[in-house]
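As structure tokens, the structure follows; a few thoughts come after it.
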Protein chains: 2
Amino acid sequence: MKKKGRGGGAITMGDIARHAGVSPMTVSRALREPGTVSDKMRRKVDAAVRQFGYLPNRIAGSLSSRRSNIVGLVVPSIRNSLYASMIQSVSDVLRANGLHLIIADSGHSLAEEEALVAALLAQRVCGLVLHNTVHSKRGCDLVRVAGVPVVETGNLVARPLDMAVSYSNFDAAKAMTVHLGRLGYRKIGFVTLPLRDNDRSKERRRGYLAALKELGLPVDHDLVLEAVGGLNEGADALVRLMQTGSDIDAVFFAGDVLALGALFECQRRGWNVPGRIAIASFDDLDLLRHTVPTVTTLRVPRAEIGRRSAELLVNRLRGAPPERVRIDVGFEIVQRDST
Amino acid sequence: MKKKGRGGGAITMGDIARHAGVSPMTVSRALREPGTVSDKMRRKVDAAVRQFGYLPNRIAGSLSSRRSNIVGLVVPSIRNSLYASMIQSVSDVLRANGLHLIIADSGHSLAEEEALVAALLAQRVCGLVLHNTVHSKRGCDLVRVAGVPVVETGNLVARPLDMAVSYSNFDAAKAMTVHLGRLGYRKIGFVTLPLRDNDRSKERRRGYLAALKELGLPVDHDLVLEAVGGLNEGADALVRLMQTGSDIDAVFFAGDVLALGALFECQRRGWNVPGRIAIASFDDLDLLRHTVPTVTTLRVPRAEIGRRSAELLVNRLRGAPPERVRIDVGFEIVQRDST
DNA sequence: CTATAGGATGGTAGCGATACCAAAATCACG
DNA sequence: CGTGATTTTGGTATCGCTACCATCCTATAG
């Protein structure tokens with residue numbers, strides 16, 4: 001039996017309606033679908049809204065309409081600049097459509113991803129973008145039951161949860177390895193990122209091995225290293241490979257930062273690249289075009305992945321039928337001076 | 001007069017309550033404050049929750065409790081890796097406290113920032129972190145009226161909107177310039193990032209000029225350039241400065257990417273660093289410790305800024321009194337081989 | 001000038017949770 | 001074993017908005 005709820009209560013639609021001399025419904029419509037309201041009404045409402053600096057409460061709106069305007073995005077690591085351009089383009093497309101983005105990072109952990117997906121769904125996000133393509137059982141169930149559109153972007157899986165926008169890590173790694181073989185390199189080392197719960201890493205290694213077979217080169221397990229990422233790790237890996245004693249002539253790094261670290265190590269030690277050792281990278285970090293020498297790499301259209309993922313979500317939210325989509329954005333080998 | 005609302009309606013707390021044979025309130029409590037509910041009840045609730053894979057609707061919860069668990073963060077550009085470690089630490093602290101993070105980027109535009117702040121407040125975020133410290137009038141008003149805690153992080157302003165966690169861009173740029181002067185450099189160039197609506201850039205330039213004065217060095221406006229950022233821009237700026245004809249002996253870049261671009265240009269042209277030209281940078285990008293030569297720079301504790309900002313917000317949300325806080329995290333000059 | 005379609009308004013009933021208070025169950029102790 | 005002090009549990013009333021349908025105008029046609 002409260003009276004005017006004097007409390008700190010913020011301004012509501014009802015307040016605006018009263019001051020504008022119209023009904024709350026008219027305020028609601030004037031704000032959301034200005035076209036369905038007469039000019040006179042709209043002006044009255046707009047005036048009151050401006051006068052009070054009114055901001056509609058989207059929480060109430062979402063609850064009432066059973067529709068939210070927030071999309072959830074889970075990446076393995078926010079810090080990794082590799083995801084930045086993808087996040088940016090997702091964000092741009094969403095905002096152009098009045099949607100917001102909650103970003104969370106799973107720290108490369110499956111369990112954490114599951115917890116995040118649950119939290120995001122509890123938040124009733126209207127869509128999800130997941131970079132990882134390996135999920136826990138419960139994670140999959142949650143998504144399925146929630147019925148929100150989902151895009152997976154890390155690897156082009158055969159049978160996505162819902163939609164997938166990516167490239168084939170296997171094909172890409174294989175193509176680069178074959179490319180090195182064609183250039184004449186015979187002892188090609190490979191440095192992979194951690195394989196645990198990460199199909200992208202696994203696929204890349206599989207691609208490397210498949211390429212060796214195709215090239216008719218022997219697999220030397222001493223030439224395959226796992227590194228956790230970071231400049232130092234790349235430098236270390238390179239040095240360890242060089243010390244194997246084998247006459248290694250090229251190294252393919254499955255991560256751009258690793259390759260960069262290795263290149264700097266070469267500069268420090270005065271090892272000629274590619275004379276003494278050739279270096280190839282994965283992912284076209286802008287930097288790789290500027291170093292001396294410039295670095296041969298695999299270019300993946302990260303921004304395009306983000307853009308198209310967001311577009312798929314937006315279309316779905318606009319009513320597009322829920323069909324399984326699988327978009328291959330491809331990749332490109334960029335031959336530069338390091339090989 | 002709907003019956004059981006058969007529709008696609010998701011499972012609600014009421015459903016769980018019915019199946020567990022308890023009241024909805026008990027379910028609500030069992031989920032939020034398990035301690036206030038008897039073991040027997042809690043077990044019944046937990047069982048039903050698991051059986052149905054129930055996820056509480058946080059939207060309804062927020063509306064009802066007039067409290068949300070989402071913090072908004074506005075940075076000038078998501079793509080800029082400089083913000084990544086700050087974002088990551090904000091995100092980490094928030095999540096450890098059950099809060100989520102909406103990230104938006106203003107594209108260095110004041111108007112855009114205002115729109116984003118409005119949108120985030122409409123979303124009823126429970127706190128804000130703004131990197132920019134220059135705001136539009138309406139932006140300030142909105143924040144003030146909303147009454148949510150706000151942390152500004154880009155520059156240590158004298159009188160923050162609410163709270164500030166940062167360092168003094170002026171002091172930092174001045175300190176580095178003086179440092180260069182003490183090392184014996186007499187003709188010190190300066191490359192600034194865009195100054196428009198950006199007090200960080202302005203403060204840095206001010207610091208540079210103040211240092212020259214303190215060092216008793218003349219100001220040569222030909223030695224001060226504005227560049228929009230990016231490796232190419234850094235390289236261009238360096239070349240232009242070298243071509244001024246003046247016997248410039250050092251350049252201080254107000255952005256790490258610019259410095260990096262310049263360094264690579266030197267490598268390409270075979271200009272000895274610091275023999276022919278010394279290079280100093282702003283912001284300790286990891287890379288700068290690995291290049292040849294390593295680059296002298298200003299280290300700003302970005303992760304600490306993020307962490308402390310988030311902590312301030314969390315404390316406020318826990319009931320800490322709204323007092324104006326201003327935390328100076330300081331900076332550090334890292335002398336390396338490029339100067 | 002009346003009938004009627006069609007757009008512009010308003011009223012009512014939730015959306016799915018939580019706050020607040022009352023009722024019931026449990027406990028402590030003389 | 002009774003009585004008041006304490007938990008535990010449940011009922012009711014919102015939170016601020018939108019969906020849905022009823023109502024009211026204002027045109028257009030016959």
Side-chain angles (χ1 to χ4, degrees), chain A residues 1-45 48-49 52 54-69 121-124 126 146, chain B residues 1-45 48-49 52 54-69 121-124 126 146:
Chain A
M1 194 52 59
K2 290 254 199 63
K3 276 292 130 62
K4 304 283 179 66
R6 273 259 154 273
I11 294 152
T12 74
M13 209 164 245
D15 298 328
I16 299 300
R18 198 166 331 113
H19 286 277
V22 303
S23 81
M25 267 319 299
T26 300
V27 177
S28 174
R29 276 189 286 250
L31 262 27
R32 284 178 306 135
E33 333 168 60
T36 66
V37 156
S38 69
D39 283 10
K40 201 179 58 178
M41 290 290 170
R42 181 147 24 80
R43 267 194 297 277
K44 286 203 272 188
V45 171
V49 165
F52 292 91
Y54 169 68
L55 283 181
N57 185 330
R58 290 275 333 142
I59 292 183
S62 296
L63 177 59
S64 182
S65 64
R66 299 144 153 283
R67 208 180 320 116
S68 94
N69 61 343
L121 290 176
Q123 214 64 246
R124 295 302 189 263
C126 58
Chain B
M1 194 51 61
K2 290 252 199 62
K3 278 290 130 64
K4 303 282 179 68
R6 274 260 154 273
I11 295 152
T12 75
M13 209 164 246
D15 297 329
I16 298 300
R18 198 167 330 112
H19 286 277
V22 303
S23 81
M25 268 317 300
T26 300
V27 176
S28 175
R29 274 190 289 251
L31 261 29
R32 285 178 306 134
E33 333 167 60
T36 66
V37 155
S38 69
D39 283 10
K40 200 178 60 177
M41 290 289 170
R42 180 148 22 83
R43 267 194 297 277
K44 285 204 271 186
V45 171
V49 165
F52 292 91
Y54 169 69
L55 282 180
N57 185 329
R58 290 274 334 141
I59 292 182
S62 295
L63 176 61
S64 182
S65 63
R66 300 145 154 285
R67 210 180 320 116
S68 94
N69 60 342
L121 290 176
Q123 212 66 246
R124 294 303 189 264
C126 58

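Heavy-atom basis, side chains included; hydrogens, waters and symmetry copies ignored. Numbered from 1 within each chain, the chains take letters A, B, ... in sequence-line order.
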D:dG10 phosphate, OP1 or OP2, under 4.0 Å from B:Thr26 side-chain N/O: yes

Could you check if a side-chain atom of B:Gln123 sits within less than 4.5 angstrom of a side-chain atom of A:Asn69, using non-hydrogen atoms only? yes

Nucleotide nearest A:Ser38 (side chain, heavy atoms from C-beta), chosen from D:dG16, C:dT9, D:dG10: C:dT9

Side chains of A:Thr12 and A:Asn57: does their closest heavy-atom pair fall under 4.5 Å? no

For A:Ile16 and A:Val45, work out which heavy atoms get closest and say how close. CG2-O, 4.4 Å

From A:Arg29 atom CZ to A:Arg42 atom CZ, the distance as rounded to the nearest 0.5 Å: 13.0 Å

Separation of A:Leu63 atom CG from C:dT18 atom P, in whole Å? 12 Å

Atom-pair distance (CZ on A:Arg18; P on D:dC17), nearest Å: 12 Å

For nucleotides 18-21 of chain D, list the nitrogen or oxygen atoms of the protein found under 3.5 Å from its nitrogen or oxygen atoms, one pair per line.
residue: D:dT18; atom: OP1; partner: A:Arg32; partner atom: NE; Å: 3.2
residue: D:dT18; atom: OP2; partner: A:Ser28; partner atom: OG; Å: 2.4
residue: D:dT18; atom: O4'; partner: A:Ser64; partner atom: OG; Å: 2.6
residue: D:dT18; atom: O2; partner: A:Ser64; partner atom: OG; Å: 3.3
residue: D:dA19; atom: OP1; partner: A:Arg67; partner atom: NH2; Å: 2.8
residue: D:dA19; atom: OP2; partner: A:Arg32; partner atom: NH1; Å: 3.2

Tell me whether the OP1 or OP2 atom of D:dG16 has a side-chain N or O from A:Tyr54 closer than 4.0 Å. no

Distance, rounded to the nearest Å, where B:Asp15 contributes CG and C:dA17 contributes P: 9 Å

Side-chain donor or acceptor of A:Ser28 paired with backbone N/O of A:Pro24 under 3.5 Å: no

Where the side chain of B:Arg124 meets the backbone of B:Leu121, is there a donor-acceptor pair that is under 3.5 Å apart? yes

Starting at CD1 of A:Ile16 and ending at C1' of D:dG16, how long is that distance when rounded to a whole Å? 13 Å

Take the C1' atoms of the five end pairs on each side of the helix from C:dC1-D:dG30 to C:dG30-D:dC1, get both axes, and report the angle to 10 degrees. 30°

NZ of A:Lys44 versus P of C:dT9: gap in Å, rounded? 9 Å

Atom pair distance, as rounded to whole Å: NZ in A:Lys40 and P in C:dG7: 19 Å

Which atoms form the tightest heavy-atom contact between B:Met13 and B:Leu31, and what is the distance? CE-CD2, 4.1 Å

Please check: side-chain N/O of A:Ser65 versus main-chain N/O of A:Gly61, any donor-acceptor pairing under 3.5 Å? yes

Within the structure, does a side-chain N or O atom of A:Arg66 lie under 4.0 Å from either OP1 or OP2 of C:dG16? yes

With a 4.5 Å heavy-atom cut-off, do B:Glu33 and B:Val37 have their side chains touching? no

Just the rounded figure in Å: distance from C1' of C:dT9 to CZ of A:Arg42. 14 Å

When rounded to whole Å, the CG to C1' distance for the pair B:Leu31 and C:dT18 reads 13 Å

